[in-house]
Amino acid sequence: MVNFYPTQVSDFCSKETMIMIHLYRQLRKQYPHVSHKWWPTSGEFKPVQLEIVIGALLTQNTNWKNVEKALKNLIDSNMLSADAVANCHTSKLQRIIRPAGFYRQKSKRLGALCEFITNYGGNFYKDVTREQLLELNGIGRETADSILLYACNKPYFVIDAYTRRLLKREEIITGKEKYDEIKEMFEKKLPKNAKVYKHFHALIVENEKSMARRA
DNA sequence: GGCCAGGCACAGC
DNA sequence: GCTGTGCATGGC
């Protein structure tokens, strides 16, 4: 169980902190089946985290079901390591990831990302920084944070369309805030804990999806 | 058939 | 800095 007692005196009277933790508790109660182990992996890739990195890139502006098709194509083509993907011909990679859409852009970006992982001095999953990821073509803030949180298990909160929608509806944000502004809001008001960030994000996504289903 | 889905880069202002 | 636009497929 995570300790939610304020760690700083200044946290004690922060209304925003109370709202944020209340929201987290409410969602946990509402979706008890949702856990921090939310990002789906087949276990086919080496290492397992590579599948999360690839998925994070492929899911950009794309339905997850289409990403799954592309991931299955990679598995069926035995493209299970960063090295294999990095050395795959662009035209072949395009064919493989085609169901995920934007295949011309994404094949180029995916190849470059896998090349970066392959050539990374040290352990990519342990050592890569947000700045290094943001320098890569096609890796923006959300994708970088998804990789850092879900693949690297580091406390970086992911702000996606679901998160913005929920926060706006709850009137916690106006909608005009920048990505990093919202991200810092979460990170300042919650314990710096990757498991909590994953769980909270998973709960937000589940809530938005279930609301969409009901609509 | 139109709209959207777990964004990003880049141009133009 | 902000806004618009291209990228592309599949599901509803």
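Below, read A as the first sequence line, B as the second, and so on, with proteins coming before strands; counting in each chain starts at 1.
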Study note, to complete from the structure: 5' to 3', nucleotides 7-12 of chain C under a 4.0 Å protein heavy-atom cut-off (B base, S sugar-phosphate only, - none) gives BBBSS-
Write down the distance between [atom1] ([X]) and [atom2] ([N]), rounded to a whole number of angstrom.
X         : N      : atom1 : atom2 : result
Lys209(A) : dA5(B) : NZ    : P     : 11 Å
Trp64(A)  : dC4(B) : CH2   : P     : 22 Å
Leu133(A) : dA9(B) : CG    : P     : 12 Å

Just checking [X]: base, sugar-phosphate only, or nothing, at a heavy-atom cut-off of under 4.0 Å?
X         : value
Arg164(A) : nothing
Lys178(A) : sugar-phosphate
Leu136(A) : sugar-phosphate
Ile139(A) : sugar-phosphate

Check your understanding: Can you tell me how far SG of Cys114(A) sits from CD1 of Ile54(A), rounded to the nearest 0.5 angstrom?
Key -> 5.0 Å
Review point. Are side-chain N/O atoms of Ser77(A) and Lys92(A) paired as donor and acceptor at under 3.5 Å?
Key: no
Can you give me the N/O atom pairs linking the protein to nucleotides 11-13 of chain B at distances under 3.5 Å, or say none if there are none?
none

Study note, to complete from the structure: When Asn137(A) and Thr59(A) are each assigned the nearest nucleotide of DNA chain B, the 5'-most assignment goes to Thr59(A)
Practice item. Describe, in one word, how the ring planes of Trp39(A) and Tyr150(A) are oriented to each other, choosing from parallel (under 30°), tilted (30 to 60°) and perpendicular (over 60°). Key: tilted
Point to revise | Atom P, compared across dC10(B) and dA8(C): separation rounded to whole Å | key: 15 Å
Exercise for review: Just do the side-chain contact (heavy atoms from CB on, under 4.5 Å) check on Val34(A) and Val205(A) with the steps written out, would you?
Suggested key: CA-CA 10 Å; Val34(A) 173; Val205(A) 176; over 6 Å; no
